[in-house]
There are 2 protein chains.
Amino acid sequence: MGSANLRGSTQTAEGSKIPLQQNATPAKVCPHNSNISCASCRLNELCLPIALNKSEIHQLDEIVERNRPYKKGDHLYRQSDDFKSVYAVRSGSFKSYVLSDNGQGRVTSFFLPGEIIGMDGIASKQYANSTIALEHSSICEIPFSQLEKLSHQLPSLQHHFFAIMGNEIAKDQQIHTLLSSYTAEERTASFLLGLSSRYAHVSLSPSRFLLPMTRSDIGEYLGLTVETVSRIFTGLQRKELIQVNNREIELLDIAALRAIISSS
Amino acid sequence: MGSANLRGSTQTAEGSKIPLQQNATPAKVCPHNSNISCASCRLNELCLPIALNKSEIHQLDEIVERNRPYKKGDHLYRQSDDFKSVYAVRSGSFKSYVLSDNGQGRVTSFFLPGEIIGMDGIASKQYANSTIALEHSSICEIPFSQLEKLSHQLPSLQHHFFAIMGNEIAKDQQIHTLLSSYTAEERTASFLLGLSSRYAHVSLSPSRFLLPMTRSDIGEYLGLTVETVSRIFTGLQRKELIQVNNREIELLDIAALRAIISSS
DNA sequence: TTTGATTGTTGATTTAGATTAAATTAGCTT
DNA sequence: AAGCTAATTTAATCTAAATCAACAATCAAA
């Protein structure tokens with residue numbers, strides 16, 4: 001089955017082009033462009049500027065540092081580095097991981113566009129894990145001391161950042177439940193649906209996307225081995241709930257995937 | 001071996017009295033007393049007042065509601081209730097849990113004195129789980145809208161609450177790693193050491209305490225069955241790393257317990 | 001002080017997912 | 001395009017922990 005040139009776009013059976021996440025913005029506007037202000041950023045509805053007015057967004061803009069793009073494998077920061085900033089993903093994706101004593105890494109989070117990285121360092125003033133780009137990616141760096149200062153001036157920013165942190169806490173607790181009581185198939189289905197709705201949030205297809213991470217990353221994140229993840233993928237494909245071709249995945253029956261989870 | 005009257009205090013082999021958490025404060029000051037101000041609360045070094053000056057603490061005091069004590073099994077709030085407040089445990093202990101579709105509960109957190117409950121509701125404006133008292137307990141209720149307002153006036157309170165939330169995030173991610181890669185014995189050892197250091201924080205014995213939760217609660221929290229938790233306890237006891245007698249537990253060899261975890 | 005209900009322990013058996021071991025396929029370099 | 005390394009799949013065992021099944025201890029209420 002034609003799996004040529006899937007980075008960026010692909011052909012459906014009918015020959016129509018469906019954008020995958022890599023080229024969701026028009027070709028002439030590079031998604032890694034560093035010169036977009038918060039006000040004009042297509043992610044401003046879910047990132048920090050949400051609920052801020054024009055002048056407030058401008059003030060936020062002033063403290064945001066738009067770094068050069070990160071190449072696949074570049075570290076945003078490493079475990080135990082001094083905490084300085086939180087980061088908003090502008091394009092691409094990242095993973096956070098910790099190294100166990102025997103050198104084995106365990107993935108703790110994935111980050112997609114619009115999501116905030118680095119909040120685990122706020123309390124201890126050191127990052128609790130390392131974070132690395134999964135593909136060519138760009139981020140906005142927000143020095144935390146300045147974010148605090150500005151939050152103190154702008155009640156709506158303070159409110160919103162409390163909400164972002166609260167959301168992270170709620171999400172982490174859902175994963176606690178997933179890891180403590182779901183089967184391998186339930187975890188995998190839940191993971192795919194989670195990615196689906198996160199892509200939907202940034203106006204990308206909720207049913208067809210590229211997985212930016214390896215099977216091994218998924219396994220570490222879900223507390224499963226690579227082999228199990230692979231087997232579950234083939235199993236779900238056999239049941240015609242998904243269609244996988246390497247990193248490309250299509251969710252064929254979202255309702256049935258949901259049903260798998262709620263059976264637990 | 002003499003297991004009489006362990007609620008509150010117990011006899012060692014030598015006959016000396018070692019206080020357990022239930023009577024760590026002098027008998028004449030009831031630990032559930034509702035009339036203690038933040039300024040005089042023995043937990044103020046780890047609760048919200050930390051890093052606030054006298055006058056700031058007084059302002060915080062003004063918004064704190066000191067509810068009547070909760071009996072064992074009383075709900076602080078239930079899943080999907082409208083989010084209104086966060087709570088600080090003054091005495092006793094609580095657990096949070098979610099109900100899965102089949103009615104099975106899964107414990108997501110335990111809360112000991114000085115710890116903050118309810119942050120999972122901040123983002124969605126509804127509590128994501130139910131929270132119940134594990135024993136006779138008392139709490140301070142802090143209406144969140146007022147906490148936000150006061151945080152806006154007091155930079156150090158804003159800073160401290162960001163830190164509390166960041167700490168919750170870091171802690172939840174540690175549990176993610178624990179659940180995704182630790183064995184049953186490693187999880188159990190880690191859980192016991194975690195309780196130990198939390199009791200140490202409130203100046204209680206880190207090596208000898210009463211477990212406020214059932215084996216089943218522990219199992220749900222750690223993603224294990226009751227039977228496994230019970231077997232691991234007996235196993236650790238056989239290895240002389242702990243001494244368990246129903247809810248009473250003594251950590252005999254903390255170094256060895258730590259070694260179990262770092263072997264993973 | 002019985003009685004029933006909840007909680008905890010222990011043992012036998014089963015099983016989901018890990019481990020081990022290859023073989024296959026993609027993606028990179030050169 | 002060849003060669004190399006990392007990623008993925010598949011299959012055959014193995015094992016840690018779940019499940020199933022009694023039973024004992026504790027607690028709360030009558």
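Numbers restart at 1 for each chain; the letters A, B, ... are given by sequence-line order, proteins then strands. Please read these numbers as outputs of a predicted model, since none were measured by experiment. Every heavy atom of this structure was used, including side-chain atoms; hydrogens, water molecules and symmetry mates were not.
In this structure, B:R231 fails the cation-pi test against B:F233, since its NZ or CZ atom is not both closer than 6.0 Å to the six-membered ring centre and inside 45 degrees of the ring normal.
If you measure from atom CG of A:L222 to atom P of C:dA16, you get 18 Å, rounded to the nearest angstrom. Atom CG of B:L134 and atom P of D:dC27 are 16 Å apart (whole Å). One can place CD of B:E135 at 14 Å from P of D:dC27, the figure rounded to the nearest angstrom. Note: OH (B:Y182) to P (D:dA16) measures 19 Å, nearest angstrom. Remark: C1' of D:dA24 and CZ of B:R215 are 14 Å apart, rounded to the nearest angstrom. Rounding to whole angstrom units, CD of residue B:E220 and P of D:dA17 are separated by 18 Å. Rounding to whole angstrom units, CD1 of residue B:I249 and P of C:dG8 are separated by 12 Å. C:dT9 atom C1' lies 14 Å from atom CD1 of B:I218, rounded to whole Å.
If A:N246 and A:E227 are placed on DNA chain C by their nearest nucleotide, the residue sitting closer to the 5' end is A:E227. Residues B:E185 and A:T234 each lie close to DNA chain D; by heavy-atom proximity, the contact nearer the 5' end of the strand is made by A:T234. Each of B:L224 and B:K72 lies near DNA chain D, and the nucleotide nearest B:L224 is the one positioned closer to the 5' end.
Distances shorter than 4.0 Å separate some side-chain N or O of A:T228 from OP1 or OP2 on C:dA18. Phosphate contact (OP1/OP2 of D:dA7, side-chain N/O of A:R247, threshold under 4.0 Å): absent. Taking side-chain N and O atoms only, A:S230 has no distance below 4.0 Å to OP1 or OP2 of D:dT10.
Residue-to-nucleotide contacts include a donor-acceptor pair under 3.5 Å from the side chain of B:R231 to the base of C:dG11. Between the side chain of B:R238 and the base of C:dT9, no donor-acceptor pair under 3.5 Å is found.
Using a 4.0 Å heavy-atom cutoff across all strands shown, B:G223 reaches sugar-phosphate atoms only and no base atom. Within 4.0 Å of B:T225, counting heavy atoms only, lies at least one base atom of the nucleic acid.
Checking side-chain atoms of B:R247 against main-chain N and O of B:L210 turns up no donor-acceptor pair under 3.5 Å. Judged by distance alone, the side chain of A:S197 and the main-chain N or O of A:G194 form a donor-acceptor pair under 3.5 Å.
In summary, the side chains of B:T108 and B:S96 do not present any donor paired with an acceptor at a separation below 3.5 Å, with no hydrogens or angles considered. Inspection of the B:S180 and A:E220 side chains reveals no N or O donor paired with an N or O acceptor under 3.5 Å.
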